[in-house]
Number of protein chains: 2
Amino acid sequence: MSQQDDVPTAPWERPRKRQAPARIPLTRERIVEAAFVVLDRDGYDKLSMRQVAAELGVAVSALYVHVDDKDELLQLMYNRLFDDVELPEPDPETWQEQIKDFARDGRQRLLRHRDMARISMQHVPFTAELLPHVERLFGILRAGGLPDRVTAIAGDLLSTYMEGFTLEESMWQDRMKDSSWTVIGSRLENYFASLPPDRFPNLVALADLMVGETNDYRFELGLDIIVRGLASYGTHSDSDQDEAS
Amino acid sequence: MSQQDDVPTAPWERPRKRQAPARIPLTRERIVEAAFVVLDRDGYDKLSMRQVAAELGVAVSALYVHVDDKDELLQLMYNRLFDDVELPEPDPETWQEQIKDFARDGRQRLLRHRDMARISMQHVPFTAELLPHVERLFGILRAGGLPDRVTAIAGDLLSTYMEGFTLEESMWQDRMKDSSWTVIGSRLENYFASLPPDRFPNLVALADLMVGETNDYRFELGLDIIVRGLASYGTHSDSDQDEAS
DNA sequence: AAGCGAGAAGAACACTGTTCACAGATTGAT
DNA sequence: ATCAATCTGTGAACAGTGTTCTTCTCGCTT
């Protein structure tokens, strides 16, 4: 898409008002895009305004024309990551699976970009761009017959779990990089298993279960625990009014 | 405790081996302590090695004799915050309440220091100092009759919720400082309620429930959801072997 | 009393986010 | 077609940051 800029405009072609701008104009979108490139290549710690500017072949200060803050840039990245989520029409029959899909999809999106989970924990809770998604999520939960006060909390609970789990997950990979997961796993398992059994009987006993399973499995089980808890608030939305005081 | 250092040693008193050291020696503990002072006064963004050093009246480089990294310092702060937790003897009768108390206590500790939740999300998942607590937590969960594979995940789930909730909670207070909570609340509620009802029926309907309640209530409800989910894996630990595939 | 070794000091390096006055090109109007 | 105005990108600068290096000084042991 950049090579056609180099081709001189043929004389019989009416040149556009803005005749073939040698530099594609800087936009928020292009900045966000470049930020993702830097993030994936160098990681969050190296994601600086200067690096992003260098990626675009542009001066640092140029970025500040389009973006107020580094914070705003991070926010834009987060928003773009969840730009195109499409939540299904609420279905009372399969609401539990719909909820789980929401969380699964969120995790996958965060895993798409390196260190993205760390950025996600920094974002301001509610942003206008994300409102439609929250709206849909609430629709699903209400369709499932959950009491409103549970629904109002469930959104927070789910996204907190999703982001928190993914953060921890990607932190492991980060702290012990240049090792495959199986290597990390067995190393950790050995560590737990080698603890003095008299002082740490439970840790020793659960050593294999803590690291033996895949992240997918662990995420799925945690998700199931939450959804079961939600479901326990049942379809009959009045009988439990006084249980959580 | 510092004024007796200024009093000259009386001649008839045998001076100690180290005679009245004008400077109390720098230790890890003192550095951590100073870091907490800076954190509480200036917040996480201003918590720099230089500020900590200034708080102690000491050069920056002196800190690095006792502390490898800023990362290590943060880790030490996190550890000290949970130093003196005492989890109760596992009791099969009240395990649910014991679990809840664990999470409640954790939240309170994080709230004790400004921005502490932000630091907590940065810590490495398992550290030797925290092993005894995990051990006890597992004991409680197993005493409650939970299957081992659920127990192995529950620890993560609980601390993720606790830390994530507290982070979000303290982020609100931070973003809209110089406003009391009731002001923030009503402002937010107005915002949600003012959304176009045709596009956001659920958000409008739940507006008051989302912000009307206190953080304590919301935390408690989320906790209840999780504990219910855990409890649903029941005391009969074999019947649900194939439910979460 | 001399010497040794640990701990603190100060300066330096290579970064960071952000702002400023200035130049350059692109636009609209004359 | 020329001029003015507007905006966008530039380069330099400021005030910080984490970390390391060499120097120096102090307290303790021999």
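Here is how names work: the chains are called A, B, and so on, in the same order as the sequence lines, proteins then strands, and each is numbered from 1.
With the end axes of the helix from dA1(C)-dT30(D) to dC22(C)-dG9(D) each set by five pairs, the angle from one to the other reads 20° at 10° resolution.
Residues of residues 37-46 of chain A that place a heavy atom closer than 4.0 Å to DNA chain C do not occur. Residues from residues 64-75 of chain A that place a heavy atom under 4.0 Å from any atom of DNA chain C, listed by number: Y64(A), D69(A), K70(A).
Under the side-chain contact (heavy atoms from CB on, under 4.5 Å) rule, V32(A) has a single partner from V67(A), N79(A), L73(A), L74(A), which is L73(A).
Nearest heavy-atom pair across L157(B) and G222(A) is CD2-O, 4.2 Å. Across E169(A) and R107(A), no two heavy atoms sit closer than the pair OE2-NH2, 2.7 Å. Contact detail for R112(B) and D40(B): the closest heavy-atom pair is O-OD1, 4.4 Å. A pairwise comparison of heavy atoms in L137(B) and L87(B) identifies N-CD1, 3.9 Å as the closest pair. Contact detail for M77(A) and A35(A): the closest heavy-atom pair is SD-CB, 3.8 Å.
F219(B) and Y161(B) have their aromatic ring centers within a separation under 6.0 angstrom. A distance below 6.0 Å separates the ring centres of F126(B) and F192(A). In summary, the aromatic rings of H113(A) and F36(A) are positioned with their centroids under 6.0 Å apart.
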Handout entry: Heavy-atom protein contacts under 4.0 Å, nucleotides 11-16 of chain D, coded B base, S sugar-phosphate only, - none
Key = B-B---
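In this structure, L47(A) places its CG atom 12 Å from C1' of dG17(C), rounding to the nearest Å. Atom CG in L26(B) sits roughly 12 Å away from atom C1' in dA9(C) (whole-Å rounding). The separation between M49(B) atom CE and dA8(C) atom C1' is 14 Å, rounded to whole Å. For the pair L63(B) CG and dG10(C) C1', the interatomic distance rounds to 14 Å; values are reported in whole Å.
Taking the ring pair (Phe, Tyr, Trp, His ring centres under 6.0 Å) definition, one finds that H123(B) meets it with Y78(B), sequence neighbours left out.
Side-chain contact check for E29(A) and T27(A): no donor-acceptor pair (N or O, by modelled atom type) lies under 3.5 Å.
Side chain of D105(B) to main chain of D101(B): no donor-acceptor pair is present (N/O by atom type, distance under 3.5 Å, no hydrogens or angles).
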Show every donor-acceptor pair shorter than 3.5 Å between a side-chain atom in residues 42-52 of chain B and any protein atom, with sequence neighbours excluded, or say none if there are none.
unit_1: Y44(B); atom_1: OH; unit_2: Q122(B); atom_2: OE1; d: 3.3
unit_1: D45(B); atom_1: OD1; unit_2: R118(B); atom_2: NH2; d: 2.9
unit_1: S48(B); atom_1: OG; unit_2: Q51(B); atom_2: N; d: 3.1

